[in-house]
Amino acid sequence: MIGILFIYWIWKAFADLAEEYGKNKWLYFFIGIGSYYGGTIISGFILGICLALLGDPGAVDENALNVGWNLFFMLCGGLSCYGIYRLLEYKGEKERELLKEDSIDNIGINNENQG
């Protein structure tokens with residue numbers, strides 16, 4: 001049930017971001033979902049490799065269904081999703097600034113800083 005709430009929150013945040021910068025909502029939604037699940041999968045692989053290297057390989061099976069680890073994976077997925085969100089937000093701001101600088105009102109105006 002909490003997974004469905006996460007998907008809704010990710011969809012809402014990334015859809016609002018896409019609307020703010022005039023981008024495709026569905027593309028941003030899939031980027032957000034991919035970053036969340038990618039973060040959880042990568043953190044799971046890293047944990048599995050660390051447990052296999054530091055202990056016996058059976059430790060991976062014992063800890064696979066632990067609720068604490070699942071919360072840790074959800075946190076890692078949320079952090080990776082937030083990082084991608086901030087990256088897309090920064091990219092959108094940069095594109096907005098470039099469009100503002102290159103607007104049609106600035107054609108033919110000599111910029112004092114360039115010369």
Side-chain angles (χ1 to χ4, degrees):
M1 181 66 183
I2 201 161
I4 294 170
L5 289 175
F6 275 146
I7 290 172
Y8 173 75
W9 288 330
I10 291 169
W11 170 77
K12 184 68 174 151
F14 278 84
D16 290 344
L17 183 68
E19 283 183 8
E20 184 178 344
Y21 296 112
K23 302 291 182 179
N24 187 353
K25 283 195 271 189
W26 287 105
L27 176 65
Y28 271 44
F29 165 68
F30 286 118
I31 290 172
I33 292 295
S35 66
Y36 173 73
Y37 285 113
T40 58
I41 290 170
I42 290 172
S43 63
F45 281 140
I46 291 173
L47 176 70
I49 290 170
C50 289
L51 287 176
L53 291 177
L54 296 176
D56 61 289
V60 176
D61 291 333
E62 294 169 6
N63 293 321
L65 299 175
N66 191 349
V67 175
W69 286 120
N70 288 336
L71 291 175
F72 174 73
F73 297 144
M74 287 173 41
L75 176 68
C76 290
L79 288 174
S80 67
C81 188
Y82 179 72
I84 295 295
Y85 178 87
R86 295 293 294 182
L87 180 71
L88 290 173
E89 187 178 42
Y90 177 76
K91 181 182 169 223
E93 282 295 321
K94 285 294 185 183
E95 287 177 359
R96 186 180 284 170
E97 288 175 11
L98 286 175
L99 286 175
K100 192 181 289 185
E101 288 177 6
D102 295 336
S103 69
I104 195 147
D105 296 333
N106 294 334
I107 294 176
I109 297 175
N110 286 334
N111 201 353
E112 298 278 332
N113 297 336
Q114 291 180 353

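Since we're looking at a predicted model, the values are computed, not measured. Starting from 1, each residue takes its place in the sequence as its number.
Taking both residues in full, the closest heavy atoms of A18 and K25 are given as CB-CA, 3.8 Å, listed atom of the first, atom of the second, then distance. What you find for G32 and I10 is that their closest heavy atoms are C-CG2, 3.7 Å.
Atom CZ of residue F14 and atom CG of residue N24 lie 13.5 Å apart, to the nearest 0.5 angstrom. Taken from CH2 in W69 to SG in C76, the straight-line distance is 9.5 Å, to the nearest 0.5 Å. Rounding to the nearest 0.5 Å places CD of E95 at 10.0 Å from OH of Y21. For the atom pair CD of E19 and CG of L17, the computed distance is 10.0 Å after rounding to the nearest 0.5 Å.
Linking Ile, Leu, Val, Met, Phe, Trp and Tyr residues whenever their side-chain heavy atoms come within less than 4.5 Å places I31 and Y8 in a single cluster. Under the 4.5 Å side-chain heavy-atom criterion for grouping Ile, Leu, Val, Met, Phe, Trp and Tyr, L79 is not connected to Y36 through any hydrophobic cluster. No chain of hydrophobic side-chain contacts below 4.5 Å, direct or via other Ile, Leu, Val, Met, Phe, Trp or Tyr residues, connects Y82 to W11. Under a hydrophobic clustering in which Ile, Leu, Val, Met, Phe, Trp and Tyr are joined whenever their side-chain heavy atoms come within less than 4.5 Å, directly or via other members, Y37 and I46 fall into different clusters. Cluster membership check: I41 does not share its hydrophobic cluster with L75, using side-chain heavy-atom separations under 4.5 Å among Ile, Leu, Val, Met, Phe, Trp and Tyr.
A heavy-atom distance below 4.5 Å is found between the side chains of K12 and D16. Side-chain contact check for Y28 versus I84: every heavy-atom pair is 4.5 Å or farther apart.
No donor-acceptor pair closer than 3.5 Å links the side chain of T40 to the backbone N or O of F73.
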Apply side-chain contact (heavy atoms from CB on, under 4.5 Å) to S35 and Y85, showing your working.
CA-CA 9 Å; S35 66; Y85 178 87; over 6 Å; no
